[in-house]
Amino acid sequence: MALEQLLDSIAEKGWYIWDDFLTIEQVKLLKNCASDDWHRARIGRKEEIQRATDIRRDKIQWLDVDMGQPVQDYLERMESIRREVNQSLFLGLFEYEAHFAQYEVGDFYKKHLDAFRGNESRKLTTVFYMNEDWSEENGGELNVYDLNDQLIQTIAPIAGRLVVFLSEQFPHEVLPARAKRHSIAGWFRTNGVSESRFDILS
Ligand code: OGA
Ligand code: MN
């Protein structure tokens with residue numbers, strides 16, 4: 001079962017690719033929950049917010065239960081994963097936060113760690129992809145590295161695929177998109193202080 005594979009894989013190597021996490025039908029419904037209200041993300045701690053379009057070009061909107069049942073279902077699914085991970089891996093995950101992300105043609109996200117200074121509470125990253133009919137010429141692959149900067153895996157952002165990895169151990173980058181790219185990035189955190197929310201101010 002995929003959930004057991006996830007737990008084994010996170011314990012053994014720290015990352016996992018879960019294909020068909022949702023059906024194409026569910027992906028469509030979830031994708032439609034995003035509004036037209038996209039924000040440019042900012043990077044850094046709340047004291048030193050900087051616009052960082054040289055680092056990332058995507059636009060985002062935070063998931064909220066008010067967005068509809070598909071979003072509620074997605075968040076509930078993550079909640080059950082959170083409990084399972086805590087029971088078997090003792091990560092002490094406390095909360096989950098996630099945003100829709102939209103990459104226009106040419107948009108990218110340069111190599112980074114999700115648990116950067118000021119955001120150490122991010123422990124486990126999830127990225128869910130919603131690109132139906134993705135093909136290689138669409139670009140926008142996720143490159144995952146180890147802490148020695150060795151490329152571990154290039155991952156295509158295909159619809160229904162969920163990627164999970166330990167936030168502190170895997171630098172990663174989004175290669176330039178050559179077609180509009182849709183995803184949901186999310187993080188399980190160890191405490192209730194939502195530091196990152198201060199980073200993303202519209
Ligand atoms: C992020 C991120 C990866 C992706 O939003 O922090 O690294 O494939 N996203 O969208
Ligand atoms: Mn990231």
Side-chain angles (χ1 to χ4, degrees), residues 10 14-19 21-22 27 30-31 34 38-45 49-63 74-75 78 93 95-132 134-136 138-147 149 151-189 194-202:
I10 296 295
W15 61 278
Y16 182 62
I17 298 174
W18 187 332
D19 280 328
F21 180 74
L22 295 184
V27 169
L30 185 57
K31 191 169 155 187
W38 294 99
H39 309 256
R40 211 175 260 303
R42 298 178 183 198
I43 295 190
R45 299 201 300 162
I49 285 169
Q50 48 177 311
R51 244 176 222 284
T53 47
D54 48 338
I55 298 173
R56 66 185 293 185
R57 291 278 166 89
D58 59 322
K59 294 200 185 70
I60 66 162
Q61 52 186 284
W62 290 96
L63 264 66
Y74 186 82
L75 293 173
M78 289 302 163
L93 305 178
E95 260 202 315
Y96 183 71
E97 63 180 357
H99 62 60
F100 287 106
Q102 184 177 279
Y103 291 69
E104 305 281 355
V105 173
D107 286 353
F108 55 80
Y109 196 153
K110 294 232 173 106
K111 200 195 288 175
H112 64 282
L113 270 178
D114 287 339
F116 47 87
R117 237 175 62 93
N119 221 332
E120 295 92 346
S121 63
R122 287 179 172 177
K123 293 298 170 201
L124 194 64
T125 297
T126 64
V127 193
F128 180 68
Y129 297 115
M130 303 186 290
N131 306 294
E132 298 152 51
W134 182 91
S135 70
E136 232 166 89
N138 295 342
E141 292 94 339
L142 175 70
N143 270 347
V144 179
Y145 297 84
D146 65 19
L147 288 174
D149 264 351
L151 179 65
I152 298 177
Q153 187 96 4
T154 297
I155 301 170
I158 62 173
R161 171 173 281 175
L162 180 74
V163 179
V164 184
F165 57 87
L166 294 171
S167 307
E168 294 161 309
Q169 292 187 21
F170 299 96
H172 53 282
E173 69 185 335
V174 178
L175 299 178
R178 292 192 292 274
K180 212 173 198 181
R181 178 190 195 269
H182 303 273
S183 59
I184 297 175
W187 300 272
F188 293 102
R189 296 199 316 260
S194 184
E195 184 94 30
S196 61
R197 287 286 175 125
F198 293 103
D199 303 342
I200 318 274
L201 293 179
S202 86

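Atoms within a ligand are numbered from 1 in the order they appear, just like the ligands themselves. Just the heavy atoms: all of them, side chains too, but no hydrogens, waters or symmetry mates, feed the values below.
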Checklist entry - Just by distance, with hydrogens left out, do Thr126 and Tyr96 show a side-chain donor and acceptor under 3.5 Å apart? => result yes

Checklist outcome for this item: heavy-atom search around atom 8 (O) of ligand 1 in the protein gives Tyr129 OH, 2.5 Å

Checklist entry - At what distance is the nearest protein heavy atom to atom 10 (O) of ligand 1, and which residue and atom is it? => result Arg181 NH1, 2.9 Å

Checklist entry - Can an N or O of Asp58 be found at a distance shorter than 3.5 Å from an N or O of ligand 1? => result no

Checklist entry - Considering only protein heavy atoms, which is closest to atom 1 (C) of ligand 1, and at what distance to one decimal place? => result Tyr109 CE1, 3.7 Å

Item to check | Residue part near ligand 1, for Phe170, under 4.0 Å between non-hydrogen atoms | outcome: neither

Item to check | Residues Phe128, Tyr74; criterion ring-ring contact (aromatic ring centres under 6.0 Å, His included); working and verdict | outcome: CA-CA 10 Å; Phe128 180 68; Tyr74 186 82; 5.6 Å; yes

Item to check | Within reach of ligand 1, part of Ile155 (heavy-atom separation under 4.0 Å) | outcome: neither

Next on the checklist: Within the 4.0 Å heavy-atom shell around Trp187, which atoms of ligand 1 are there?
Outcome noted: 6 (O)

Next on the checklist: Angle between ring planes, Phe21 versus Trp18, binned at 30° and 60°: parallel, tilted or perpendicular?
Outcome noted: perpendicular

Checklist entry - Out of Lys111, Glu173, His172, which residue meets the side-chain hydrogen bond (donor to acceptor under 3.5 Å, both in side chains) rule with Tyr145? => result Glu173

Checklist entry - In terms of side-chain geometry, is the basic nitrogen of Glu97 or Arg122 positioned less than 4.0 Å from the acidic oxygen of its partner? => result yes

Checklist entry - How many angstroms lie between CD1 in Ile158 and CG in Asp19, if you round to the nearest 0.5 Å? => result 5.0 Å

Checklist entry - Among protein heavy atoms, which sits nearest to atom 5 (O) of ligand 1, and what does the distance come to when rounded to 0.1 Å? => result Ala185 CB, 3.5 Å

Checklist entry - Heavy atoms, side chains only, cut-off 4.5 Å: are Asp58 and Trp38 in contact? => result no

Checklist entry - With atoms numbered from 1 as shown, which atoms in ligand 1 lie under 4.0 angstrom from a non-hydrogen atom of His172? => result 2 (C), 7 (O)

Checklist outcome for this item: For atom 3 (C) of ligand 1, the closest protein heavy atom turns out to be Val174 CG2, 3.5 Å

Item to check | Donor-acceptor pair, side chain of Asp146 and main chain of Asp149, under 3.5 angstrom | outcome: yes

Next on the checklist: Is it the case that the side chain of Ser121 and the backbone of Arg189 share a donor-acceptor pair, with hydrogens and angles ignored and the cut-off at 3.5 Å?
Outcome noted: no

Next on the checklist: Keeping to distances under 2.8 Å, can you name the protein N/O/S atoms close to the Mn ion (ligand 2)?
Outcome noted: His112 NE2, Asp114 OD1, His172 NE2

Checklist entry - Mind checking whether Ser183 has a heavy atom under 4.0 Å from ligand 1? => result yes

Next on the checklist: Show the atoms of ligand 1 that are less than 4.0 angstrom away from any heavy atom in Leu142.
Outcome noted: 3 (C), 8 (O)

Item to check | Aromatic ring proximity Trp187/His99, centre distance under 6.0 Å | outcome: yes

Checklist entry - Is a donor on one side and an acceptor on the other found under 3.5 Å between the side chain of Arg181 and the backbone of Gln102? => result no

Next on the checklist: Would Glu173 count as a contact residue for ligand 1, given that I'm defining contact as a non-hydrogen atom of the residue lying under 4.0 Å from a ligand atom?
Outcome noted: no

Checklist entry - With distance as the sole test, does Arg178 use its side chain to make a donor-acceptor pair with the main-chain N or O of Gly106 at under 3.5 Å? => result no

